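Owing to the predicted nature of the structure, the values given are computational and were not obtained by experimental measurement. Computation of the quantities below employed the complete heavy-atom set of this structure, encompassing side-chain atoms and omitting hydrogens, waters and symmetry-equivalent molecules.
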Amino acid sequence: MEFTASQIASFIDGQIIGDESTVITGVSPIENGESGHLSFIAQDRFSHFLDTSKCSVIIVSEKLIDKDKYNPTLIVVKDAYLSFQVLMNLYQEMQGRKEGIETGSSIHDTAVIGEKVYIGAFTYVSEKAKIGEGAQIYPHVYIGKGVKIGKNCKIDSGARIYDYCIIGDNCVIHSNTVVGGDGFGFQPTADGFKKIPQLGNVIIEDDVEIGSNCSIDRATIGSTIIGKGTKIDNLIQIAHNVKIGQNNVIAAQAGIAGSTTIGDWNQIGGQVGVVGHIKIGNQVKIQAQSGVNSSVNDRETLYGSPAISYNDYLRNYVHFRNFTEIVRRINNLEDTSKDKTNE
């Protein structure tokens with residue numbers, strides 16, 4: 001597709017500095033700009049590319065503009081990053097959506113399929129499953145008995161949605177993620193560990209995105225819940241009966257143990273581990289590789305394992321880095337004190 005700078009500016013309410021008829025045919029990272037391509041600059045540390053980039057058109061945040069003329073054509077907006085996201089979403093919509101049921105898929109007679117749905121080859125839709133209008137189900141997906149999938153969802157290849165799980169509208173589940181596998185429930189006995197039946201389900205509310213290779217376990221009884229607007233990265237384990245609130249972001253390789261409750265608007269870093277049966281409040285920030293083993297109040301920022309206040313951790317870490325020298329000094333003081341005592 002080809003667009004002029006003027007057309008692009010109209011999509012994002014931008015002001016043009018330069019030639020509004022400049023044509024772009026692709027996009028590039030600002031560091032590797034190409035003629036005929038579009039890029040963006042939202043941060044001051046990239047502002048030098050305004051004079052050196054080979055890109056023909058650059059979307060730039062207004063705070064970075066300090067002169068009237070630049071080599072590429074600029075589209076000036078309040079926030080270049082957000083404006084570029086708007087363009088990417090528009091471009092994705094222009095690609096169109098697939099519709100129809102491909103040869104090789106298997107759909108049970110009792111399943112209910114909405115309008116304008118796409119179901120890829122070798123996908124299996126079980127009995128009494130319901131798939132909402134406009135859903136995109138890619139090849140090699142398994143949809144279990146009684147599963148409900150809302151409108152305009154996208155389920156990528158290889159995902160598995162187990163029996164009776166519920167997925168809201170506008171959700172995205174990436175490849176090889178399993179929703180509704182058995183929770184890790186075993187009872188120790190004299191003869192070994194006996195499996196506890198996992199009879200619940202998973203409920204994923206509207207506007208949730210789940211990355212690839214995640215496992216979200218069904219509840220023992222009741223539901224494991226992922227709240228509206230929550231975004232989950234790749235390679236994440238969410239155990240049975242966990243309840244996650246709205247608009248959380250959870251980075252890769254985090255693990256949340258069973259029956260923990262997490263509030264709204266939290267940020268959980270990569271490789272964070274959270275023990276079971278605790279409560280994490282709202283607007284909490286947990287730094288990467290932290291281990292959380294007790295409940296957390298609202299608006300705390302944590303770091304370390306076991307996790308403590310982020311500021312306390314930084315102060316203590318200064319001393320930890322110098323621990324060998326501190327021990328040496330203490331030993332020297334003890335030796336000096338002994339020498340004086342023996343005099």
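- Listed by chain and number, the residues in a side chain to side chain donor-acceptor pair (under 3.5 Å) with E62 amount to none (sequence neighbours excluded).
- A donor-acceptor pair under 3.5 Å is formed between the side chain of R160 and the backbone N or O of G158.
- L333 contributes atom CG, which lies 6.0 Å from atom OG1 of T336 (distance to the nearest 0.5 angstrom).
- Using modelled atom types, one side-chain atom of T224 and one backbone atom of N241 make a donor-acceptor pair closer than 3.5 Å.
- Listed by chain and number, the residues in a side-chain contact (heavy atoms from CB on, under 4.5 Å) with T261 are K243, K279 (sequence neighbours excluded).
- In summary, the side chains of Y118 and E102 do present a donor paired with an acceptor at a separation below 3.5 Å, with no hydrogens or angles considered.
- Among residue pairs with one or both ends in residues 165-193, those qualifying as salt bridge (Lys or Arg N to Asp or Glu O under 4.0 Å) are D182-K195; sequence neighbours excluded.
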Name every donor-acceptor pair, under 3.5 Å, that has one atom in a side chain of residues 83-92 and the other anywhere in the protein, sequence neighbours excluded.
residue, atom, partner, partner atom, Å
S83, OG, D79, O, 3.1
N89, ND2, Q85, O, 3.3

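- The side-chain contact (heavy atoms from CB on, under 4.5 Å) check on T260 picks up I256, I262, V274, I278, with sequence neighbours excluded.
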Side chains of residues 33-55: which donor-acceptor partners sit under 3.5 Å, not counting sequence neighbours?
residue, atom, partner, partner atom, Å
H37, ND1, V27, O, 3.2
H37, ND1, S28, OG, 2.5
S39, OG, S28, O, 2.8
S39, OG, I30, N, 3.2
Q43, OE1, R45, NE, 2.7
Q43, OE1, R45, NH2, 3.3
S47, OG, D44, O, 2.7
H48, ND1, R45, O, 3.4
D51, OD1, K67, NZ, 2.9
T52, OG1, H48, O, 3.2
S53, OG, C55, N, 3.1

Hey, can you pull the donor-acceptor pairs under 3.5 Å for the side chains in residues 124-145, sequence neighbours left out?
residue, atom, partner, partner atom, Å
S126, OG, I143, O, 2.8
Q136, OE1, K98, N, 3.2
Q136, NE2, K98, O, 2.8

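- Residues forming a salt bridge (charged side-chain N to carboxylate O under 4.0 Å, His left out) with R328 (at least two apart in sequence, or on another chain): E325.
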Can you give each donor-acceptor pair under 3.5 Å made by side-chain atoms of residues 225-235, sequence neighbours left out, with the distance rounded to 0.1 Å?
residue, atom, partner, partner atom, Å
T230, OG1, G227, O, 3.3
T230, OG1, G245, O, 2.9
T230, OG1, N247, N, 3.4
T230, OG1, N248, N, 3.2
K231, NZ, D207, O, 2.7
D233, OD2, A252, N, 3.0
N234, OD1, S212, N, 2.8
N234, OD1, S212, OG, 3.2

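- Checked against ring pair (Phe, Tyr, Trp, His ring centres under 6.0 Å), Y164 has no partners two or more places apart in sequence or in another chain.
- Listed by chain and residue number, F184 satisfy the ring pair (Phe, Tyr, Trp, His ring centres under 6.0 Å) test with F186 (two or more places apart in sequence, or in another chain).
- For the salt bridge (charged side-chain N to carboxylate O under 4.0 Å, His left out) test, no residue two or more places apart in sequence or in another chain qualifies with E93.
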